[in-house]
A.B. asks: 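One structure, as structure tokens, below. Some questions next.
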Amino acid sequence: MEFAAIFALSLLIGALVLLVVVAVGRQKDELSEQNEQKKDNNPQVEENAAKTSSKKQKQQQRPRKEKPQQHTFTHKLLASSLKNHSGSVTCLDFSSNGKYLASCSDDRTIRIWSTKDFLERDHKCLRANVEFDHATLVRFSPDSRAFITWLANGETIRIYKMIKKDDGTFSFKAASEDFPQKHKGIVINIGIAETGKFIMTASVDTTIVIWDLKGEVLATINTNQMTNSHVAVSPCGRFVASCGFTPDVKVWEVCFAKSGEFKEVARAFDLKGHSAGVYSFDFSNDSRRMVTVSKDGTWKLWDTDVEYKKKQDPYLLRTVPCQVSEGSRIALSPDGRVVAISNGCDIAMFNASTGELEEEFHGVHSEEITDLKFDINNRFLVSSGDRAIHVFHNVTGYRAAIQDMQTMLKKASNDGVRQRLQQQITDAQNALDTVLNATKN
């Protein structure tokens, strides 16, 4: 009995020991499997951690975007550069009194510059803000006390009055109402007649609208040129001219009665002679000369001092080959002595009397030139095409004036005339020498 009890107890203890051994073995196997899984997953975790760390480092090391540098241009005849605009300048205009230059930009501002500061180190300007829009075109009124603009988004004319302050500066006040919308195409130019009798707007779709100063439409002209590339009011205030796809320039007279009432728009004359479309044209200050530049690679000088009502046609004075591109602009100095032509980002200056190419400026702007203008005193040529406005000495004009007066001196028979011409030649030569000496220094 005792042996049997001892044997049974031994079996029980053995079974318990066996169970413990089996349980411990299973636990070891499970731990081993878990460790192996962790080892298998660790490379992926480590790889992901490495990628995250690398990405953070790249983000930290990524260079900051630098602001685009403004285009730099230098030339010995560059008088100054006006750089207060923060956007591209699209249009320029000198006041008739010669004191101011207006510029407009897509930075929603119109700036008024003093021409007497062109040769100074600092170029101060007055700013007129265009709320919720920006101006693409600007023109001074004949009395230089207001200006009109074309609004890009509003597609209308807005008038600003220039109110003089006690300190000599101006504040600007927009008219209470803009002009009504009449154009369906993109407007390419605006103008005010020097007589103050009408305002002109022109769009690319061959439409020209003549307005009174209150925004009432006086007349609408269809140029029938397929597209308009340039339209302008003559400096005398009598004519409106247009050019485009066809190889001619069409000129109309805007007629008023002696009482001041509008009568009609009458066809005056055409400039015919180019063999391809005309890009641009310009008038001399007395409207007796015109210049045109065409896709055919030439510019032409015309005598427009004719009696068109007696069927007189303008006279072609000169044809000169030149470099052109789509959108080339042409400017004629007020005295009719100098022709400036843009070709992309370049400018060429010609003597109008001889047709000789006298100056070339390459890479003037970083973008295509949008406007060219001579000041009323024939001293400067200004250009726009990016954020800067460049002002050039009109050395070609000084030389041409001296040549003309020397020719007149040879023909003069009166002593008083000879003395006056000699004095004018001396003054012009001194002015030229002053400019050339300044450019050397």
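Keep in mind it's a predicted model, so treat the numbers as computed, not measured.
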A.B. asks: Hey, is CD1 on Ile163 packed in by over 12 heavy atoms from elsewhere, all under 6.0 Å?
C.D. replies: yes

A.B. asks: Please check if the distance between the ring centroids of Phe361 and Phe392 is under 6.0 Å.
C.D. replies: yes

A.B. asks: When you measure from the side chain of Thr434 to the backbone N and O of Asn430, does any donor-acceptor pair fall under 3.5 Å?
C.D. replies: yes

A.B. asks: Which pair of non-hydrogen atoms, one from Ser229 and one from Gly244, has the smallest distance, and what is that distance?
C.D. replies: OG-CA, 3.5 Å

A.B. asks: Answer yes or no: is there an ion pair linking Arg337 with Asp335, defined by an N-O contact shorter than 4.0 Å?
C.D. replies: yes

A.B. asks: Does Asp133 offer a backbone N or O that forms a donor-acceptor pair with the side chain of Asn153 under 3.5 Å?
C.D. replies: no

A.B. asks: Specify the closest pair of heavy atoms between Cys104 and Ala135, including all atoms of both residues, with the distance to one decimal.
C.D. replies: SG-O, 3.6 Å

A.B. asks: Taking the side chain from Ser96 and the backbone from Pro142, do they hold a donor-acceptor pair closer than 3.5 Å?
C.D. replies: yes

A.B. asks: Check whether Asp143 reaches the backbone of Arg145 with its side chain - one donor and one acceptor, N or O, closer than 3.5 Å.
C.D. replies: yes

A.B. asks: Got a donor-acceptor contact below 3.5 angstrom from the Ser333 side chain to the Asn378 backbone?
C.D. replies: no

A.B. asks: Quick check, are the ring centers of Trp211 and Phe179 under 6.0 angstrom apart?
C.D. replies: yes

A.B. asks: Assess whether atom CD of Gln406 is packed by more than 12 heavy atoms of other residues, nucleotides or ligands within 6.0 Å.
C.D. replies: yes

A.B. asks: Going by an N to O cut-off under 4.0 Å, is there a salt bridge joining Asp93 and Lys373?
C.D. replies: no

A.B. asks: Between Phe73 and His390 (judged by ring centroids, cut-off 6.0 Å), do the two rings come close enough to count as a pair?
C.D. replies: yes

A.B. asks: More than 12 foreign heavy atoms under 6.0 Å from CG of Asp167: is that the case here?
C.D. replies: yes

A.B. asks: Could you walk me through whether Asp371 and Ser384 pass side-chain hydrogen bond (donor to acceptor under 3.5 Å, both in side chains), step by step?
C.D. replies: CA-CA 5 Å; Asp371 212 349; Ser384 62; 5.2 Å; no

A.B. asks: Mind running side-chain hydrogen bond (donor to acceptor under 3.5 Å, both in side chains) on His134 and Asp106 for me, showing each step along the way?
C.D. replies: CA-CA 6 Å; His134 70 272; Asp106 56 17; 5.9 Å; no

A.B. asks: So Asn222 and Thr207, do their side chains get closer than 4.5 Å, heavy atoms only?
C.D. replies: no

A.B. asks: Answer yes or no: is there a donor N or O on one side and an acceptor on the other, between the side chain of Thr396 and the main chain of Asn351, under 3.5 Å?
C.D. replies: no

A.B. asks: With a 4.0 Å cut-off, would you call Asp303 and Arg288 a salt bridge?
C.D. replies: no

A.B. asks: Spell out, as yes or no, whether a donor-acceptor pair under 3.5 Å connects the side chain of His274 to the backbone of Ala276.
C.D. replies: no

A.B. asks: Any salt bridge linking Asp270 with Arg267? Criterion: basic side-chain nitrogen under 4.0 Å from a carboxylate oxygen.
C.D. replies: yes

A.B. asks: Are the ring centres of Phe140 and Phe94 closer than 6.0 Å?
C.D. replies: no

A.B. asks: Got Asp386 and Val89 here, is their nearest side-chain heavy-atom distance under 4.5 Å?
C.D. replies: no

A.B. asks: I'd like to know whether the aromatic ring centres of Tyr100 and Phe147 sit less than 6.0 Å apart in this structure.
C.D. replies: no

A.B. asks: Please say which of Phe281, Tyr279, Phe350 ends up in a ring-ring contact (aromatic ring centres under 6.0 Å, His included) with Trp299.
C.D. replies: Phe350

A.B. asks: One thing to verify: whether Asp178 and Arg158 come together as a salt bridge, which I'm taking to mean a side-chain N less than 4.0 angstrom from a carboxylate O.
C.D. replies: yes

